[in-house]
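Each chain gets a letter, A, B and so on, in the order the sequences are listed, and its residues count up from 1. No experiment lies behind these values; they were computed from the predicted model shown.
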Amino acid sequence: MPQKPSIPKGTRDFSPSEIAKRNHILAVIKRQFELFGFMPIETPSFENSETLLGKYGDEGDRLIFKILNSGDFISKVDDVTYSSKNSTSLAPRISDKALRYDLTVPFARYVVMHQNEIDFPFKRYQIQPVWRADRPQKGRYREFYQCDADVVGANAIVQEVEFIQLYDAVFTELGLAGTTIKINNRKILSGIAEVIGAKHLLVDFTVALDKLDKIGEEKVKMEMLEKGMSATAVERAGPLFSLQGDNFEKLDTLQTFLSGSEIGREGVAELRSILDVLKELQLDSCSLEIDVTLARGLNYYTGAIFEVAAPQQVQMGSIGGGGRYDDLTGIFGLNDVSGVGISFGLDRIYLVLDELDLFPKAIAKSLDVLCLNFGEQEAIAALHLVSKLRNSGVRADLYPSSAKVPKQFKYADKREVPYVILLGANELAERNFVVKDMHTGEQKLYSLDNPEPFIQELQS
RNA sequence: GUGGUUGUAGCUCAGCUGGUUAGAGCGCCUGAUUGUGGUUCAGGAGGUCGCCGGUUCGAACCCGGUCUUCCACCCCA
């Protein structure tokens, strides 16, 4: 009995039209990465478990796909561990490799391993799939692509500015208006926690604060209290829930609020200089917004934090994120290397562009010219012509069999081929061919021995 | 990982409190049209109703399990 084929949940097949659209996004991202001076690298799809585990928190560890060892791995497990039926203790005995969870940690590993060949500051980009053992939802897959650009080995605010410009350049070229780059600073979050007297609960505090726009002020406050923050602390955090005004007004409010915290003042100053520079260099299609509730990637970010929200009319999580991490390579033994980077979520950008119908119409087109097939002799002549076209950079194809003409035309129509060539017995005898413009229906005659005029017309 | 939701033709979906042979639109194939597509007309093919089991004289419909989809949490691109 034949088995019904299926693919694992959270994974997808990509058909030609989808690949065309994905490639369009990728081409824009790559082009901009390179215009900004980033160089590509790739790393293996799986790493040693110890490289990945413990880098993303407990929650992250749970979401890492672990790869079973090869061979008779189970016989090497001691009886106690085996019979304990405890996944946490058994896993390391039967699995020592895991699929990569993001591109940042493998990059840190790469930097440490190749530190002697790298010229710092090192600007790298990396576009590869990552895997998460998550429960899928819309725009959330178990296999998806990240497009990362990072720079390591320098510590200057202009880098943050550049990344914001990079986001803007990509979304502008994609024609995606209305994205919002949210920006925050980990030092501001630390400062706030310090000022309100919840320094020891920084993570719980920020995780709760991050949910503000989703669950509202009351529930955020409840969660903070549940996590053990004092009522006074929650009360003191009050002003954060209603930051008013434009970015500079928010900065002023924060500056006052954080005047008693050195690290907080530092964060405000960093944010201010980023905004000062960007006031000079306008953004094209993105708006930049300070959002103190933004707390993503707290695990390794130490300075700026970025997140890109899709245009409001689209129901979609963030389509990009990033930030500065001062000591990511430290865990692999290379200290004092500051890094900052951003990531584009290819799959979500695709969904957004698709929903807003922003893909160029032309990308569905995979052929410029289709030559119809009228029989053996005609097909041989057609192949000569098709070769000439191909050599001139025209995407051309010959219909493989001499099927009925309406069928061949329908095929051309389906594939949205703009020009169809008819080269039948009559044309062959007179050494010419007919070109039909599928849009206008207009037909023109060209010489088989001199197709140049046709090629010229195609390329004009 | 927790709770919920969804699954019927290639696609979008009907299908009454369980009752003969499960339907529509679109798409596909054939013909009108053996050298002209997108329009029209006529005909046709295509479904073990996600899968496994149970209840019943009888299940697309009820029950259990499982997979899948989407949603909320967790977390995140």
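- If you measure from atom NZ of K414(A) to atom C1' of C11(B), you get 13 Å, rounded to the nearest angstrom.
- Partner assigned to U21(B) is none, using Watson-Crick or G-U wobble distances below 3.5 angstrom.
- Two residues are said to be in side-chain contact when any heavy atoms from C-beta on lie closer than 4.5 Å; Y167(A) and F306(A) meet this criterion.
- Under the Watson-Crick and G-U wobble criteria, each requiring two contacts below 3.5 Å, nucleotide C28(B) is paired to G44(B).
- Rounded to the nearest Å, the gap between the C1' atom of U8(B) and that of U69(B) is 15 Å.
- Taking the C1' atoms as reference points, C16(B) lies 28 Å from U68(B), given to the whole Å.
- Under the Watson-Crick or G-U wobble criterion, with both distances below 3.5 Å, U2(B) is paired with A72(B).
- Using a 4.0 Å heavy-atom criterion, one finds that S343(A) contacts no nucleic acid atom at all.
- As rounded to whole Å, 13 Å separates atom P of U2(B) from atom CD of E59(A).
- At a threshold of 4.0 angstrom between heavy atoms, the contacts of G10(A) are confined to the sugar-phosphate backbone, with no base atom among them.
- For the P atom pair drawn from G25(B) and G31(B), the interatomic distance equals 23 Å after rounding to whole Å.
- With a cut-off of 3.5 Å on both Watson-Crick or G-U wobble distances, the partner of C49(B) is given as none.
- Rounded to whole Å, the distance from CD on E307(A) to C1' on C75(B) is 12 Å.
- In this structure, the CZ atom of R135(A) is 20 Å from the P atom of A77(B), given to the nearest Å.
- Salt-bridge annotation for E47(A) and K97(A): absent, with no side-chain N of the basic residue lying under 4.0 Å from a carboxylate O of the acidic one.
- Put simply, CD on Q146(A) is 6 Å from P on A77(B), counting in whole angstrom units.
- Note on ring orientation: taking the six-membered ring where Trp is involved, the planes of Y300(A) and Y325(A) are perpendicular (angle over 60°, cut-offs 30° and 60°).
- Comparing the C1' positions of G1(B) and C29(B) gives a spacing of 49 Å, expressed to the nearest Å.
- The distance between atom NZ of K9(A) and atom C1' of U6(B), rounded to the nearest whole Å, is 14 Å.
- One P atom belongs to A42(B), the other to C26(B), and the distance between them is 12 Å to the nearest Å.
- Side chain of R142(A) to backbone of A133(A): no donor-acceptor contact under 3.5 angstrom is found.
- Across the C1' atoms, G50(B) and U34(B) are found 45 Å apart, a figure rounded to whole Å.
- Scanning atom types as modelled, one donor and one acceptor separated by under 3.5 angstrom connect the side chain of R140(A) and the base of C75(B).
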Tabulate protein N/O versus nucleotide N/O from nucleotides 34-37 of chain B, keeping only pairs under 3.5 Å, one per line.
residue: G35(B); atom: O6; partner: N426(A); partner atom: N; Å: 3.4
residue: G35(B); atom: O6; partner: E427(A); partner atom: OE1; Å: 3.0
residue: G35(B); atom: N1; partner: E427(A); partner atom: OE1; Å: 2.8
residue: G35(B); atom: N1; partner: E427(A); partner atom: OE2; Å: 2.9
residue: G35(B); atom: N2; partner: E427(A); partner atom: OE2; Å: 2.9
residue: U36(B); atom: O2; partner: K436(A); partner atom: NZ; Å: 2.9
residue: U36(B); atom: O2; partner: Q443(A); partner atom: OE1; Å: 3.2
residue: U36(B); atom: N3; partner: Q443(A); partner atom: OE1; Å: 2.6
residue: U36(B); atom: O4; partner: Q443(A); partner atom: NE2; Å: 3.3
residue: G37(B); atom: O2'; partner: D413(A); partner atom: OD2; Å: 3.3
residue: G37(B); atom: N7; partner: K436(A); partner atom: NZ; Å: 3.1
residue: G37(B); atom: O6; partner: K436(A); partner atom: NZ; Å: 3.4
residue: G37(B); atom: N1; partner: M438(A); partner atom: O; Å: 2.5
residue: G37(B); atom: N2; partner: D413(A); partner atom: OD1; Å: 3.0
residue: G37(B); atom: N2; partner: M438(A); partner atom: O; Å: 2.9
residue: G37(B); atom: N3; partner: D413(A); partner atom: OD1; Å: 3.3

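- Listed for the R390(A) side chain is a donor-acceptor partner under 3.5 Å among the backbone atoms of A396(A).
- K211(A) comes within 4.0 angstrom of sugar-phosphate atoms only, judged by non-hydrogen atoms across all strands, and of no base.
- No aromatic stack links F344(A) and the base of A77(B), using centre distance under 5.5 Å and interplanar angle under 30°.
- A centroid separation of less than 6.0 Å is found between the aromatic rings of F344(A) and F171(A).
- When ring centroids are compared, Y125(A) and F38(A) stay outside the 6.0 Å threshold.
- Between F359(A) and Y350(A), the angle of the ring planes lies from 30° to 60°, which puts this pair in the tilted group.
- Residue G60(A) is out of contact with every strand shown, counting any heavy-atom pair closer than 4.0 Å.
- Rounded to whole Å, the distance from CZ on R415(A) to C1' on G38(B) is 17 Å.
- Rounded to the nearest Å, the gap between the C1' atom of A9(B) and that of G44(B) is 14 Å.
- Taking atom CG on L351(A) and atom C1' on C70(B), their separation rounds to 13 Å, with Å as the unit.
- Taking atom P in both G64(B) and C73(B), one finds a spacing of 27 Å when rounded to whole Å.
- Between Q137(A) and U69(B), a side-chain N or O to OP1/OP2 separation shorter than 4.0 Å is absent.
- A salt bridge is defined here as a Lys NZ or Arg NE, NH1 or NH2 lying under 4.0 Å from an Asp or Glu carboxylate O, and R109(A) with E50(A) fails to meet this definition.
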